[in-house]
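Right, one structure below, let's go through it.
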Amino acid sequence: MSEDPLIKTRNLSVEFKIGGGLFTKQILKAVDGISIDIPRGSFFGVVGESGSGKTTLGRALLKAVPIARGEANYDDGEVQYDLTTLAGPELKDYRKRAQLIFQDPYAALSPRMTVRDIIAEPLEVMGITRTRDETDARVREIAEKCRLNLEHLRRFPHAFSGGQRQRISIARALVSGPQFIVADESVAALDVSIQADVLNLLKSIQREMGLTFMFISHDLSVVAHTCDHVAVMYLGRIVESAPTRQLFDNARHPYTKALFSAIPSLDPDDRGTAQKLEGEIPSPTNQPPGCKFHTRCPFATDICKREEPSLDTCEEGHAVSCHHWQELSEKAIA
Ligand code: SF4
């Protein structure tokens with residue numbers, strides 16, 4: 001893993017106008033002031049509940065939704081792109097370098113195309129290969145990397161299980177030779193027994209091909225063994241960000257701790273004394289003032305309702321956005 005960021009954002013925001021008539025439009029702040037560095041060759045996790053903005057962040061970095069404000073840059077050592085202004089032939093080139101693995105392996109694959117044609121489609125659409133032989137050779141190479149049986153390339157997706165379909169989706173994402181992959185809840189739709197298999201495949205492909213992953217998940221237990229670094233999002237903002245081991249050993253933010261408490265324990269004596277997350281994430285169109293988490297936080301005080309906390313460094317590589325993280329950490333130790 002390199003220290004140089006492949007993706008670097010500063011105060012990145014994504015907004016959508018929603019609502020009916022001319023004067024009733026509301027602004028939905030899906031991503032609000034995100035600053036992250038994703039090092040080249042890393043597996044970067046983004047975690048949060050549904051509605052936290054993690055999917056929109058991934059799509060903004062793929063240029064699939066417009067960026068409202070802030071900076072976003074891509075630098076793979078060969079090319080550098082400003083993602084806020086990227087267009088024309090450079091955007092076409094970026095599409096080869098940045099790809100998405102979808103969540104639902106059943107909906108992502110056309111039932112009318114063979115596995116070979118599904119994997120080959122990006123090569124043909126992007127004009128990467130010129131002849132059928134060239135395309136077939138590249139499809140076979142990627143199918144083998146994704147541990148797909150070459151005999152299966154002539155079959156249709158309905159003949160495969162969820163795990164096998166996800167391997168086909170992964171092969172399709174990899175075939176253009178990308179450097180950056182956004183994997184959005186890529187194992188959420190799979191059985192637990194298959195999840196580990198697909199996660200191991202993603203990790204080995206990432207190492208072997210030197211790729212950079214943004215791995216989006218609602219489930220902290222899924223990112224535990226996969227990601228090098230995890231950013232926790234709540235209502236469009238990062239509330240905590242740390243190397244994975246550090247986050248798991250020493251989470252500081254009440255929201256992160258609540259997400260940990262939602263992981264089922266295998267210990268039959270564990271009566272669940274950890275903090276539980278209650279209520280629902282507020283609407284992004286009607287965000288509470290101050291700390292966005294104060295409506296659900298058991299430690300909220302007056303300042304939390306008035307002032308939004310900044311994202312401060314508490315240890316090297318570990319940042320937290322909470323007015324009271326120090327007192328809460330001392331209490332936990334006492
Ligand atoms: Fe809870 Fe206040 Fe910290 Fe927000 S700033 S997480 S409301 S203690």
Side-chain angles (χ1 to χ4, degrees), residues 9-15 27-36 44-57 70 216-224 227 229-263 272-334:
T9 75
R10 292 295 175 265
N11 294 316
L12 179 75
S13 297
V14 178
E15 295 175 353
I27 301 289
L28 187 155
K29 289 184 178 177
V31 168
D32 195 3
I34 297 283
S35 299
I36 49 170
F44 189 96
V46 180
V47 173
E49 291 168 282
S50 176
S52 61
K54 55 195 190 309
T55 291
T56 306
L57 174 62
I216 296 170
S217 178
H218 66 281
D219 186 347
L220 268 171
S221 59
V222 168
V223 304
C227 297
H229 191 103
V230 180
V232 180
M233 283 187 74
Y234 188 80
L235 218 51
R237 291 161 181 75
I238 289 178
V239 295
E240 187 158 15
S241 172
T244 310
R245 192 68 272 148
Q246 203 162 318
L247 192 79
F248 275 69
D249 289 346
N250 205 3
R252 306 279 195 181
H253 197 280
Y255 179 61
T256 313
K257 292 180 187 174
L259 288 180
F260 277 121
S261 73
I263 300 174
T273 51
Q275 178 199 331
K276 293 280 182 285
L277 190 56
E278 288 178 359
E280 290 193 2
I281 195 164
S283 164
T285 56
N286 187 22
Q287 301 196 9
C291 171
K292 306 303 168 201
F293 188 54
H294 86 250
T295 55
R296 302 167 80 190
C297 180
F299 310 107
T301 60
D302 282 348
I303 190 175
C304 305
K305 294 171 192 168
R306 282 195 322 268
E307 288 178 27
E308 185 161 5
S310 54
L311 188 66
D312 296 330
T313 301
C314 54
E315 286 166 77
E316 198 181 337
H318 189 165
V320 61
S321 170
C322 171
H323 290 301
H324 301 301
W325 71 264
Q326 275 164 309
E327 299 135 65
L328 294 174
S329 302
E330 281 158 20
K331 255 192 218 165
I333 292 166

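Sequence positions, counted from 1, serve as the residue numbers for this chain. Just follow the structure's listing: the first ligand is 1, and inside any ligand the first atom is 1.
By the criterion of a separation under 2.8 Å, the protein N/O/S atoms near atom 2 (Fe) of ligand 1 amount to Cys304 SG.
Of the possible polar contacts, one joining the Ser13 side chain to the Gly33 backbone as a donor-acceptor pair under 3.5 Å is found. The backbone N or O of Cys304 lies less than 3.5 Å from no partner atom in the side chain of His324, so there is not a single donor-acceptor pair.
More than 12 heavy atoms of other shown residues, nucleotides or ligands fall within 6.0 angstrom of atom CD in Glu307.
Taking each heavy atom of Ser321 and Ile238 in turn, the nearest pair found is CB-O, 4.1 Å.
The distance from atom CG of Asp312 to atom CD of Gln326, rounded to the nearest 0.5 Å, is 9.0 Å.
Taking the side chain as every heavy atom from C-beta outward, Val232 and Leu247 approach each other to under 4.5 Å.
Interface of His253 with ligand 1, defined as ligand atoms under 4.0 Å from a residue heavy atom, comprises 6 (S).
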